[in-house]
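Contents: one structure, followed by commentary.
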Amino acid sequence: MEAAMGLMRRIPPKHSEAALTALLSLLPHHSADLLSQVDQPLQVLCDVDSGKQFILCEYNRDADSYRSPWSNKYHPPLDDGLYPSQELRKLEVDANDVFMVYLDQSINRYYEGGTSSVYIWEHEDEGFIACFLIKKDGSRTADGRRGYLEEGSWEAIHVIEVVPLEEATARYCLTSSVMLSLTTNDESSGNFNLSGSIRRQMNMDLPVAAGHLCNMGRMIEEMESKLRYSLDQVYFGKTKEMVCTLRPPSEPVQTRLLELISKRRP
Amino acid sequence: MSDEEETQPTDDQKIEIAKWFLLNAPAGEIQYIAKDMKAVLQDETLYTTAAAVAFPLYNKSHMICLDFPDRSGEVMVTPFSEIGENEYVDPRTAQVAVVDHVNQVCRRARPANDEELPTPYIEEYRYALDIEVTKYVSEAYPKGICSVYCVNGKDVEEPGMDFDLVVVISAARLNPQNFCNGSWRSIWNVEFKDEAQFVEVRGTLQVGAHYFEEGNVQLDAKHECKDSTMLMSPEDSAHSVTTIIRHHETEYLNSLQTSYSKLPDATFKDLRRKLPVTRTLFPWHNAAQFSLRRDIQKSLGLEKK
């Protein structure tokens, strides 16, 4: 299993779907682990009742059907699918509403697009797991305006495991992954593709008085801000550094100046 | 729940999968992928079959550089230097290396015989270009290697016929402790057109970077360009061609840097803002108390105009 994860860390991200399929066929006994630990590009379906999109993932899947957080129905319909309890479903409905507003604010409001979904279900004892998903497509032809990117997508998966503790507090364990893919294609720079995923974890013990939704929301917001910083450092910083190490630019002074200027920009 | 009756892949399918993983290894990482692949396959025979096919292809594609056993020089494993099964010529030292692809070492070397090397006429051009390119590479790349081969017309003995040379440049930075690896590969096809007396130069540049500390992030960039110059004496042609190569490679690096400076804006405007529109943190506490989305939007001043 460790070897499988090693392979996933090295395969080019654009091939990650094919790689996962291959590993699943070779290691069927590890399929549950593989599916939950490997980040895959997110897909969406349209809810038949509301016409709203919802995101597909392992956490709302049963057999080959996916449950919509808007109507709570399986697509395609399933006779005896799994559903969250009434209490958790209420939390799920609220979470979806609030998260959608959070998403609206995070994505430039002048542009349509972006889908969010939240799925909640029982976990051991009195705990539960909540999964918050975001998918945004910023390429020329889809949700984004005619921008610089030939193709671009931002996807985030936040999985929070909530376990009640004594004294009206609960432990929240958050594992977040952001998957980013950017492609540009033009005369002078040819074909340029930067893609991949970053994963982080955060644990907090918080009082339940404020409400689970409030606690989870704050953690996610803090995590997203950390991830955004990481993205800047890793996606852009590290890979660019490598390019300049391979073949240093011939005007080192100019580059250093540019780097200083870009670092100062908020 | 899901189709548990999925049939196990056949041996042939397993070999294809192993080959695919090996071939897609980033620069400098095939041995790590090899180790993990062996563990996943749990079958030495199948793995060996896959490796025997995948390694030569990978090595040639990445243009790996191997030392001669007696340290008399290096040989680059490329499609252009391949003269026989597992045999690669190094024109600089006029030797042929016998290569063990799976272990990525040169097993032995022998002097090249005359049929394996170009004629003196061609060699004049090849040698002159090699000198110029080597000088350029040593200036531009901290750890670059290069070679020049004749890929067409190596038996041409005097002016009157076309011939083609190819320049290959490869640079890799491997830093597994820092979880970051990268590679630069350029292949320049140089076609000497005798009748028209000019030289056509076509380049393919490929850059890759892989960062894998908190995840898996990879850069994959490719660019093609072309240019031309007059066909002159070997030294003058070499100088001119190398100037072309230097110019285009420098331009490409500059445009990569420009891409990098534009991307953060494009990403963070098109895809994901840094702060919410109101530039304050999201009011989760209030949000959780509202049952209607409209109320939340009103309180945040988000009404559509």
Side-chain angles (χ1 to χ4, degrees), chain A residues 3-4 6-7 9-13 15 22 25-28 63 97-98 101-102 105-109 136 138 144 147-149 152 154 182 184 188-194 196-200 210-211 213-214 217-218 221 228 232 234-236 238-240 242-243 245-247 249-250 262, chain B residues 1-2 6 9 14 17 21 24-26 29 32-33 36-37 39-40 140-141 171 173 180 182 184 207 209 211-212 214-224 250 253 255-257 259-264 266-267 269-274 276-277 281-282 284-285 287-288 293 296-297 302:
Chain A
L7 288 172
R9 254 200 305 279
R10 296 185 189 273
I11 281 293
H15 295 314
S25 73
L26 291 175
L27 304 170
D97 282 343
V98 173
V101 180
Y102 170 69
Q105 287 234 285
S106 316
I107 291 176
N108 197 318
R109 63 196 279 240
K136 170 81 172 102
Y148 180 66
L149 297 171
W154 167 293
L182 307 164
T184 65
S188 62
S189 59
N191 195 288
F192 179 104
N193 172 265
L194 189 57
S197 62
I198 305 186
R199 205 175 238 235
R200 278 268 186 108
L213 196 47
C214 185
R218 285 196 180 132
E221 185 161 26
R228 190 203 168 276
D232 214 9
V234 172
Y235 269 77
F236 306 127
K238 292 270 176 189
T239 56
K240 178 181 172 179
M242 174 54 77
V243 174
T245 307
L246 288 166
R247 193 185 187 290
S250 35
S262 65
Chain B
M1 266 202 278
S2 56
E6 256 176 59
K14 288 187 186 175
I17 292 176
F21 272 103
N24 279 295
E29 298 188 25
Y32 295 97
I33 294 234
D36 285 338
M37 203 62 231
V40 168
Y141 296 85
R173 283 303 258 246
C180 200
W184 172 298
V207 190
Y211 180 76
F212 48 102
E214 295 175 304
N216 176 4
V217 176
Q218 298 199 22
L219 164 68
D220 179 17
K222 197 168 180 173
H223 180 56
E224 287 176 5
T250 309
L253 184 69
S255 73
L256 280 178
Q257 295 201 284
S259 289
Y260 267 108
S261 67
K262 284 201 222 167
L263 269 177
T267 310
K269 279 193 183 135
D270 273 5
L271 292 180
R272 182 83 170 79
R273 289 180 70 88
K274 181 176 165 190
V277 175
L281 291 177
F282 190 78
W284 295 99
H285 187 70
R293 183 182 170 189
I296 301 171
Q297 291 206 310
L302 278 184

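No hydrogens, no waters, no symmetry mates; every other heavy atom, side chains included, goes into these values. Chain naming here is simple, since letters A, B, ... match the order of the sequence lines and numbering starts at 1 in each.
Counting heavy-atom pairs under 4.5 Å between each of A:G196, A:G211, A:G190, A:A3 and chain B puts A:A3 at the top. Among the candidates B:I17, B:I33, B:D36, the residue making the largest number of heavy-atom pairs closer than 4.5 Å to chain A is B:D36. The residue among A:I198, A:L7, A:L27, A:V243 with the most heavy atom pairs within less than 4.5 Å of chain B is A:L7.
Tested against A:P12 for a side chain to side chain contact (heavy atoms under 4.5 Å, CB included), the candidates B:D220, B:N24, B:N216 yield a single pass: B:N24.
A distance of 14.0 Å separates CG of A:L182 from NZ of B:K262, quoted to the nearest 0.5 Å. Atom CZ of B:R173 is separated from atom CG of A:L246 by 7.0 Å, given to the nearest 0.5 angstrom. With rounding to the nearest 0.5 angstrom, the CG atom of A:L194 is 5.0 Å from the OH atom of B:Y260.
Among all heavy-atom pairs drawn from A:M242 and B:A209, the shortest one is CG-CB, 3.8 Å. Here the closest heavy-atom approach between residue B:P9 and residue A:S25 is recorded as CD-O, 3.2 Å.
Between B:L256 and A:K240, every side-chain heavy-atom pair lies at or beyond the 4.5 Å cut-off.
For B:V40, the parts lying under 4.5 angstrom from a heavy atom of chain A are both the backbone and the side chain. At a 4.5 Å heavy-atom cutoff, the contact between B:L253 and chain A is made by side-chain atoms alone. Looking at B:Y211, the atoms closer than 4.5 Å to chain A (heavy atoms on both sides) all sit in the side chain, from C-beta outward. Both the backbone and the side chain of B:A140 come within contact range of chain A, with heavy atoms under 4.5 Å apart. Contact of B:Q218 with chain A is made through backbone and side chain together, with heavy-atom distances under 4.5 Å.
Enclosure of atom OH in B:Y141 by more than 12 non-hydrogen atoms of other residues, nucleotides or ligands within 6.0 angstrom is indicated.
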side-chain contact (heavy atoms from CB on, under 4.5 Å) assessment of A:R247 paired with B:T250: CA-CA 9 Å; A:R247 193 185 187 290; B:T250 309; 3.4 Å; yes
